[in-house]
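Data block below; observations after.
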There are 2 protein chains.
Amino acid sequence: MAAMARSDKRPVTVHMIAKHVSVSASAVSTVLADRHEERRLAPATVERIRKAVRDLGYVPNVAARRLRAHDPEVHHIELGILTSFEAPLFLVSRVLRQVQRMADARTGPGRNFSVSIAMFHAGRLREMAGLLNASRFNGVVITNTLPDDDAFLAATTLPYAVVVLGRRLPNYCCVLDTPGEIGRRAAEILLGRGCRRPVVLTPALLTQSTAERAEAFCTTVRAKTGTDPARVVAAGFTPTNGAEALRAHLGAGRGCDGLYAVTDGLALGAYQAIKDAGRKIPKDIAVVGVGDHEHADFFDPPLTCVGPSNETIVEQIVTQLFDLMNRRRVKPVETFVPPSVVMRASA
Amino acid sequence: MAAMARSDKRPVTVHMIAKHVSVSASAVSTVLADRHEERRLAPATVERIRKAVRDLGYVPNVAARRLRAHDPEVHHIELGILTSFEAPLFLVSRVLRQVQRMADARTGPGRNFSVSIAMFHAGRLREMAGLLNASRFNGVVITNTLPDDDAFLAATTLPYAVVVLGRRLPNYCCVLDTPGEIGRRAAEILLGRGCRRPVVLTPALLTQSTAERAEAFCTTVRAKTGTDPARVVAAGFTPTNGAEALRAHLGAGRGCDGLYAVTDGLALGAYQAIKDAGRKIPKDIAVVGVGDHEHADFFDPPLTCVGPSNETIVEQIVTQLFDLMNRRRVKPVETFVPPSVVMRASA
DNA sequence: AGAAACAGCTAAATCCTTTTAGCTTCAAGC
DNA sequence: GCTTGAAGCTAAAAGGATTTAGCTGTTTCT
């Protein structure tokens with residue numbers, strides 16, 4: 001039966017079931033909604049329909065249901081946060097909560113919102129259903145894209161409200177931290193503590209933001225000390241990757257008295273490697289992260305962060321998204337948010 | 001203008017714009033899709049339409065677009081993970097990834113899936129748009145519900161594929177850890193280490209699962225030692241809440257040589273309170289968590305966990321969800337997954 | 001002058017479901 | 001024999017947007 005459904009050319013519709021059982025579409029719909037009692041369908045008919053529904057493998061078309069079911073007096077607005085599967089959800093969930101808050105404030109009779117998170121495979125944003133023909137969302141926030149996705153976006157202007165978080169793309173409203181600032185401040189903190197052998201820890205696959213942080217860090221260190229910092233490259237961006245990479249570096253006896261990790265996941269792994277090597281944070285090695293981990297404050301010792309200032313970023317994103325939807329803003333703008341520095345015990 | 005749009009009775013449709021400008025709906029649609037060049041609309045007309053679109057505050061109806069835009073040869077299936085805003089996303093994102101993996105495996109010509117996370121305000125699941133009339137999802141996984149939501153679900157059988165994670169509801173397929181097991185094992189570990197004054201740390205607002213963990217823990221301790229463990233209640237479930245609650249307990253001089261935290265967020269906060277009090281983990285106070293935190297392995301010391309075994313749970317959920325959608329399973333079943341124990345350094 | 005090309009637009013069909021109003025047939029009641 | 005009621009079903013409209021085919025004038029070419 002299942003195989004039969006699989007091999008069918010077209011999706012099964014209510015009409016096809018109706019034809020198959022020789023009844024009307026209305027009868028089928030009635031059964032699907034479990035309202036055959038109140039509408040007095042004969043039990044035998046109900047059974048025949050049920051069987052056909054099962055045998056043909058019917059799956060309702062939600063778009064059609066929605067169109068039909070919705071109250072024509074109310075406006076239903078669909079918002080999405082688009083992020084890659086591979087990325088952590090911390091910032092995303094903050095954005096979601098804030099979007100929801102603004103949506104709730106505008107919800108009333110005649111207007112309501114649905115906010116959801118949809119994920120794409122990193123580098124394959126273009127394959128996401130309904131993106132191009134605007135048939136899924138009234139407005140989206142896009143984040144955690146890879147270079148391929150950026151290229152796709154740059155080449156296609158999506159015909160609805162789009163705010164891009166953390167990337168610069170000329171044809172969209174973009175919100176991101178002030179270029180170069182984060183890496184520079186991180187370098188200043190480490191050098192300010194007297195670090196002589198700073199190290200930067202990055203994942204192998206750099207995004208626009210991580211690349212820029214590393215770059216600015218190196219540039220600043222070079223400018224102030226004349227030499228480039230060591231670069232330690234982790235296989236991925238999990239704590240495990242970070243721990244392995246740093247362990248290898250420390251194990252090889254190469255010096256390190258200050259570490260800048262371009263994501264907090266890596267910093268967390270670095271903590272473990274540093275402690276395993278018998279070094280103290282911050283006495284032997286000072287550590288600076290970026291504040292993209294929910295619990296940076298509960299690291300041991302608490303992690304000093306130079307990073308995007310999340311409240312401001314989220315606020316900007318949401319304001320722009322709603323402005324775009326109201327057509328109050330027309331031209332794309334780039335918004336740079338200065339980094340926030342949170343000094344804690346690790347540096 | 002915006003005010004005007006706000007006060008309108010009904011949502012603005014393409015037809016309303018058309019009437020307003022005295023052109024046909026086709027013309028308006030053409031302009032909305034930015035295809036007026038290829039379809040040779042007069043620039044003046046385009047401008048008039050554009051102005052009306054702005055003035056009337058048109059927002060497209062995505063359900064209608066989707067119905068029209070979709071390729072009738074392909075079946076589009078919409079899956080959702082429904083969770084509350086307040087809950088952490090760790091397990092949710094694992095479920096999502098696994099659902100997506102199974103969906104990808106079944107995607108082909110003629111069949112594709114969208115998976116998304118939708119959030120509800122804790123206790124107000126019933127207000128989620130499209131839940132009741134099945135006009136939003138073909139199948140959902142529901143989790144992180146509060147008692148009010150559970151009551152709502154128990155009273156309403158949603159007419160599509162639903163799997164409930166972490167709760168027992170008679171009318172749905174439920175997947176959850178074996179009742180009582182987690183708390184019991186946690187107690188055994190602490191008592192096995194010779195703890196005499198075990199403490200259980202819980203949030204003030206208990207869910208089915210947290211309540212049960214605490215209960216089973218207490219029962220086991222009572223059975224083996226004759227006395228109930230101390231109960232420390234945190235205001236919420238963040239690390240900060242946990243730290244505050246435990247600090248108060250330790251500060252008051254009440255004893256504690258073993259701690260069971262019913263969520264890892266609380267355990268993380270507890271670590272801080274314990275260290276601040278100058279006590280060592282696990283020497284002075286052993287700690288057991290539940291493994292719902294992504295990085296329990298990178299706590300310092302790594303957190304010993306007795307908790308749901310996530311791979312198994314996620315696998316069960318996804319299997320059942322797809323079975324339900326294929327109508328291969330009809331009756332609701334309860335699936336209990338035995339807890340997994342991960343001994344690390346904290347106990 | 002007549003044919004062809006073009007500019008600028010519209011009518012109607014289509015996507016899939018659900019619901020409303022109402023049609024047929026048969027049985028019971030007067 | 002005629003009305004009434006119920007049982008069991010159907011036809012058709014509606015929901016909003018998009019697209020296809022095609023219509024009406026005007027201009028250009030021969």
Side-chain angles (χ1 to χ4, degrees), chain A residues 10-19 21-49 53 58-78 130 132-136 138 159-160, chain B residues 10-19 21-49 53 58-78 130 132-136 138 159-160:
Chain A
R10 305 186 118 225
V12 180
T13 66
V14 168
H15 268 96
M16 288 169 62
I17 297 169
K19 191 164 296 172
V21 191
S22 309
V23 294
S24 71
S26 345
V28 176
S29 181
T30 299
V31 171
L32 287 172
D34 261 333
R35 307 183 62 179
H36 47 276
E37 307 261 286
E38 67 182 90
R39 297 212 191 130
R40 307 177 307 215
L41 287 206
T45 314
V46 173
E47 257 330 297
R48 272 162 51 229
I49 293 176
V53 165
Y58 172 72
V59 180
N61 178 323
V62 289
R65 275 210 176 149
R66 226 156 113 177
L67 178 57
R68 180 62 231 248
H70 95 292
D71 176 349
E73 303 279 313
V74 326
H75 218 322
H76 190 93
I77 299 172
E78 195 76 40
L132 286 162
N133 54 14
S135 65
R136 201 154 166 215
N138 296 109
Y160 48 97
Chain B
R10 306 186 119 225
V12 179
T13 66
V14 167
H15 269 93
M16 291 169 62
I17 297 169
K19 191 163 294 173
V21 192
S22 309
V23 295
S24 71
S26 346
V28 176
S29 180
T30 300
V31 171
L32 286 172
D34 262 331
R35 308 184 60 180
H36 47 277
E37 308 261 287
E38 67 182 89
R39 296 210 192 131
R40 307 176 307 217
L41 287 205
T45 314
V46 173
E47 256 331 297
R48 274 162 49 228
I49 293 175
V53 166
Y58 172 74
V59 180
N61 178 322
V62 290
R65 275 209 177 148
R66 227 158 111 178
L67 177 57
R68 180 60 233 244
H70 95 291
D71 177 348
E73 301 280 313
V74 327
H75 217 320
H76 189 95
I77 299 171
E78 196 74 40
L132 287 162
N133 55 14
S135 65
R136 204 159 162 212
N138 295 108
Y160 46 97

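Proteins come first, then strands; the chains are lettered A, B, ... in the order of their sequence lines, and each starts at number 1.
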Separation of D:dT19 C1' from B:L41 CG (nearest whole Å): 13 Å
Phosphate contact (C:dC16 OP1 or OP2) by A:Y58 side-chain N/O below 4.0 Å: no
Lys/Arg-Asp/Glu bridge criterion (N-O < 4.0 Å) met for A:R66, B:E78: no
Candidate nucleotides D:dT18, D:dA11, C:dT10, ranked by approach to the side chain of B:S26 - the nearest: C:dT10
Distance (rounded to the nearest 0.5 Å) between B:S24 OG and B:H15 NE2: 8.5 Å
Evaluation steps, side-chain contact (heavy atoms from CB on, under 4.5 Å), between A:V53 and A:L32: CA-CA 9 Å; A:V53 165; A:L32 287 172; 4.1 Å; yes
Value in whole Å for how far the P atom of C:dT19 lies from CG of A:L32: 11 Å
Proximal nucleotide (of C:dG8, D:dA7, D:dT20) relative to the B:A42 side chain: C:dG8
Minimum-distance nucleotide (side-chain atoms of B:R68 versus C:dA13, D:dT10, C:dT10): C:dA13
Nearest-nucleotide 5' precedence on DNA chain C, B:T30 against B:P72: B:T30
A:R66 vs C:dT17: side-chain N/O to OP1/OP2 distance below 4.0 Å: no
Gap between atom CG of B:L41 and atom CZ of B:R48 - 0.5 Å precision: 10.5 Å
Nearest-0.5 Å distance that lies between atom CD in A:E38 and atom CG in A:D34: 10.0 Å
Among A:R40, A:R39, A:H36, side chain to side chain donor-acceptor pair (under 3.5 Å) partner for A:T30: A:R39
Of the listed nucleotides C:dT19, C:dC16, D:dT19, the one nearest the side chain of A:S29: C:dT19
Distance, rounded to the nearest Å, where A:H36 contributes NE2 and D:dA7 contributes C1': 15 Å
Proximal nucleotide (of D:dT18, C:dT10, C:dT20) relative to the B:V14 side chain: D:dT18
Nearest to side-chain heavy atoms of B:A25, which nucleotide of D:dT19, D:dT18, C:dG8: D:dT18
For atom CD of A:E73 and atom P of D:dG15, their distance in whole Å: 10 Å
Length of the line joining B:R40:CZ and D:dT20:C1', which is rounded to integer Å: 14 Å
For atom CZ of B:R48 and atom P of C:dC9, their distance in whole Å: 8 Å
Listed nucleotide nearest any side-chain atom of A:R35, set D:dG16, C:dT19, D:dT18: C:dT19
Contact under 4.0 Å: B:R65 side-chain N or O vs C:dC15 OP1/OP2: no
Per A:A27 side chain, nearest of listed nucleotides C:dC16, C:dT10, D:dT10: D:dT10
From D:dT19, C:dC16, C:dT10, nucleotide with atom closest to B:V23 side chain: C:dT10
Atom pair distance, as rounded to whole Å: CG in B:L67 and P in D:dG16: 12 Å
d(CZ, A:R136; C1', D:dA17) in whole Å: 19 Å
Sugar-phosphate, base or nothing in reach of A:H15, heavy atoms under 4.0 Å: base
B:T45 side chain, from C-beta outward: closest of C:dC9, C:dC16, C:dT10: C:dC9
